[in-house]
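Because the structure is a prediction, the values reported are computed rather than measured. Lettering of chains follows the sequences in order, A, B, ..., and the numbering in each one begins at 1.
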There are 2 protein chains.
Amino acid sequence: MAKYERIADDLRTRIQAGEWLPGERLPTETPDLTTCYKASLNTVRQALGLLVAEGLVDKVHGRGNFVRKPRKPVTRTNGRHQWEKDRARESEGTRRETGATEHDTGLTVSDLVFSADFREAEANEDLADLFGVPVGTKLLERTYRTRYREEDEPFNVAKSYLVYEVVEANPALLDPAHEPWPGGTQNQLFTLGIELDRIEERVSARSPTAEETEELGLKAGVSVLVLRKISYDITGNVVEVSEVTLPGDRTEMVFTTPLDRW
Amino acid sequence: MAKYERIADDLRTRIQAGEWLPGERLPTETPDLTTCYKASLNTVRQALGLLVAEGLVDKVHGRGNFVRKPRKPVTRTNGRHQWEKDRARESEGTRRETGATEHDTGLTVSDLVFSADFREAEANEDLADLFGVPVGTKLLERTYRTRYREEDEPFNVAKSYLVYEVVEANPALLDPAHEPWPGGTQNQLFTLGIELDRIEERVSARSPTAEETEELGLKAGVSVLVLRKISYDITGNVVEVSEVTLPGDRTEMVFTTPLDRW
DNA sequence: GAGTGGTCTAGACCACTGT
DNA sequence: CAGTGGTCTAGACCACTCC
């Protein structure tokens, strides 16, 4: 076993033993760790790199290496879709009480901070194909960020696409000031006379881009879950495409598949 | 921008321009790349590390750095569960034709290579809680590996847990020589008089452990999708718990949620 | 300005792969 | 055995944070 692996093992054991508590600073790379382990800086940094990849340590330039605080896990279920559909035709008062994220997480509206950003976009080949429209068709692109009130970074960045011509039938939907919209997207679609038949979610994982690393407050080596949600209306058309990026180390998605009885 | 980032950018551009084709070897770290970029070994290796994390380059000790061949993507849908349930009561001939993975991927049985490994295990706290049995209860632990015939490494490693006392009612189920079992787990459960009501799948992502890196043929920096599948029978009991590890960079999971009509 | 991590160098030796 | 990547060292200088 390489020296840097032994150093990492030792630090891991000591962290888990509570020698340094979450949020506390580890000994400095130079001179503390290099002398303590009789290793050169490169070797110490290689060891720390393993711990960062495992999510055990946060490196902060100019300040130090810190034992990572466990971040609140975030759950997302596919039960939210039926729940949101049932709610879409309720009164505004009922719809305003709570949203799908709160339904999933068991939190209340005031625990979460939400921001929305709207712009017009043109359909690329991929989106045009899904929506069944020509490339270049005007779309409404909506970007949503959600974070816990007491944390700095969002745990969720979502981009949602709708065909502009369809949405503009209800001008209120074009104004981000109306977000968060009580009842969510399914109520918004309801105001356009659209009923959803099914939702398809495609999930994969990868290393984050530099942008995502910054935006989600991720650390090097942490992966992101990428979820593409495609909503089909009852005529079989795609009416919304949504791309959600979630930090892999704190997100758990739950999908329940009911089975027909024999 | 750091020097190692500039080197990585240059190499990335040249790879994407086709200067080296998939499977070809890049110039050696020493002396080629160090002299070509007038950089030290550490810096060149830092640059290559980025490309490895992006899945663009494979490092092979003693042989060289290679442009990575695109691996076949693997799709997994939740439609497989109902499909498998429908099939569970078919004749053995029908069941033998094809399995759930083939159903998902559109491949035939001969495209895939499959191995199974059985052992007895004791329920830890986590599994005991799910199954509703005491900690230490004897379980059957089955490990499955699936790979494409033309590739070396599996794209899927699954551990499945069943309560031993339940399974031993059909001794054929205890013998790995009978794997792959025609009709899969749902047919195996059918032979025990068990019908499934629903399947819950929990998905998260993380960096692979050293073991997983080796077993799945992953490269440093590639993340894994971790899927825990929990099968409930029609009385509400958990009858199987399965933990599947999938390479994040080549797996796409598709979950379709049907919605009730208004 | 002091303290800390980030990048970089030049060179040594080890471990693995193929001939 | 030659070629290649993997690990490690000792030391330099830069960039960021906080006082």
Side-chain angles (χ1 to χ4, degrees), chain A residues 1-11 15 20 23-68 152-153 210 213-214 217-222, chain B residues 1-11 15 20 23-68 152-153 210 213-214 217-222:
Chain A
M1 180 180 284
K3 188 168 184 175
Y4 74 94
E5 290 174 301
R6 289 197 304 272
I7 297 175
D9 282 351
D10 186 59
L11 287 171
I15 288 170
W20 306 282
E24 285 186 357
R25 212 193 69 192
L26 298 177
T28 60
E29 297 181 357
T30 52
D32 291 356
L33 292 175
T34 52
T35 58
C36 149
Y37 289 109
K38 299 188 203 317
S40 76
L41 175 58
N42 262 355
T43 308
V44 165
R45 285 176 57 78
Q46 214 174 341
L48 288 168
L50 290 183
L51 302 181
V52 169
E54 290 167 25
L56 212 58
V57 166
D58 273 349
K59 290 186 84 67
V60 187
H61 192 176
R63 297 215 298 132
N65 296 296
F66 297 83
V67 177
R68 189 162 190 187
D152 291 331
E153 312 288 355
T213 301
E214 182 163 3
L218 300 175
K219 301 302 164 180
V222 171
Chain B
M1 180 179 283
K3 188 169 184 175
Y4 73 94
E5 290 174 301
R6 290 196 304 272
I7 297 175
D9 282 351
D10 186 59
L11 287 171
I15 289 170
W20 305 284
E24 285 187 354
R25 212 193 70 192
L26 297 178
T28 60
E29 298 180 359
T30 49
D32 290 357
L33 291 174
T34 51
T35 57
C36 150
Y37 289 109
K38 299 189 203 316
S40 76
L41 174 59
N42 261 356
T43 308
V44 165
R45 286 176 57 79
Q46 214 174 342
L48 288 168
L50 290 183
L51 302 181
V52 169
E54 290 168 22
L56 213 57
V57 166
D58 273 349
K59 290 186 83 66
V60 186
H61 191 176
R63 296 215 298 132
N65 296 296
F66 297 83
V67 177
R68 189 162 191 187
D152 292 330
E153 313 287 357
T213 302
E214 182 162 4
L218 300 176
K219 303 300 164 181
V222 171

Atom pair distance, as rounded to whole Å: [atom1] in [X] and [atom2] in [N]:
| X | N | atom1 | atom2 | answer |
| --- | --- | --- | --- | --- |
| Met1(B) | dT7(C) | CE | P | 12 Å |
| Arg63(A) | dC19(D) | CZ | P | 10 Å |
| Leu41(A) | dC14(D) | CG | P | 16 Å |
| His61(B) | dT7(D) | NE2 | C1' | 9 Å |

Worksheet entry | Arg68(B) side chain to Gly23(B) backbone, donor-acceptor under 3.5 Å | no

*asked:* Any side-chain to backbone donor/acceptor pair from Thr43(A) onto Ala39(A)? Under 3.5 Å, distance only.
replied: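 No, because the side chain of Thr43(A) does not come within donor-acceptor range (under 3.5 Å) of the backbone of Ala39(A).
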
Under 4.0 Å between a side-chain N or O of [X] and OP1 or OP2 of [N]?
| X | N | result |
| --- | --- | --- |
| Lys59(B) | dT4(D) | no |
| Lys3(A) | dT9(D) | yes |
| Arg25(A) | dT4(C) | yes |
| Asn65(A) | dG5(C) | yes |
| Arg45(A) | dG6(C) | yes |
| Tyr4(A) | dC8(D) | no |

Margin query: Quiz question: by atom type and distance under 3.5 Å, do the side chains of Asn42(B) and Tyr4(B) form a donor-acceptor pair?
Written below: no

State which residue, out of Leu11(A), Asp9(A), Asp10(A), fulfils the side chain to side chain contact (heavy atoms under 4.5 Å, CB included) condition with Ile7(A).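 By the side chain to side chain contact (heavy atoms under 4.5 Å, CB included) criterion, Ile7(A) pairs with just one of Leu11(A), Asp9(A), Asp10(A): Leu11(A).
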
task: Would you mind telling me which of dT9(D), dG6(C), dG6(D) lies closest to the side-chain atoms of Thr43(A)?
output: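 The listed nucleotide nearest to Thr43(A)'s side chain is dT9(D).
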
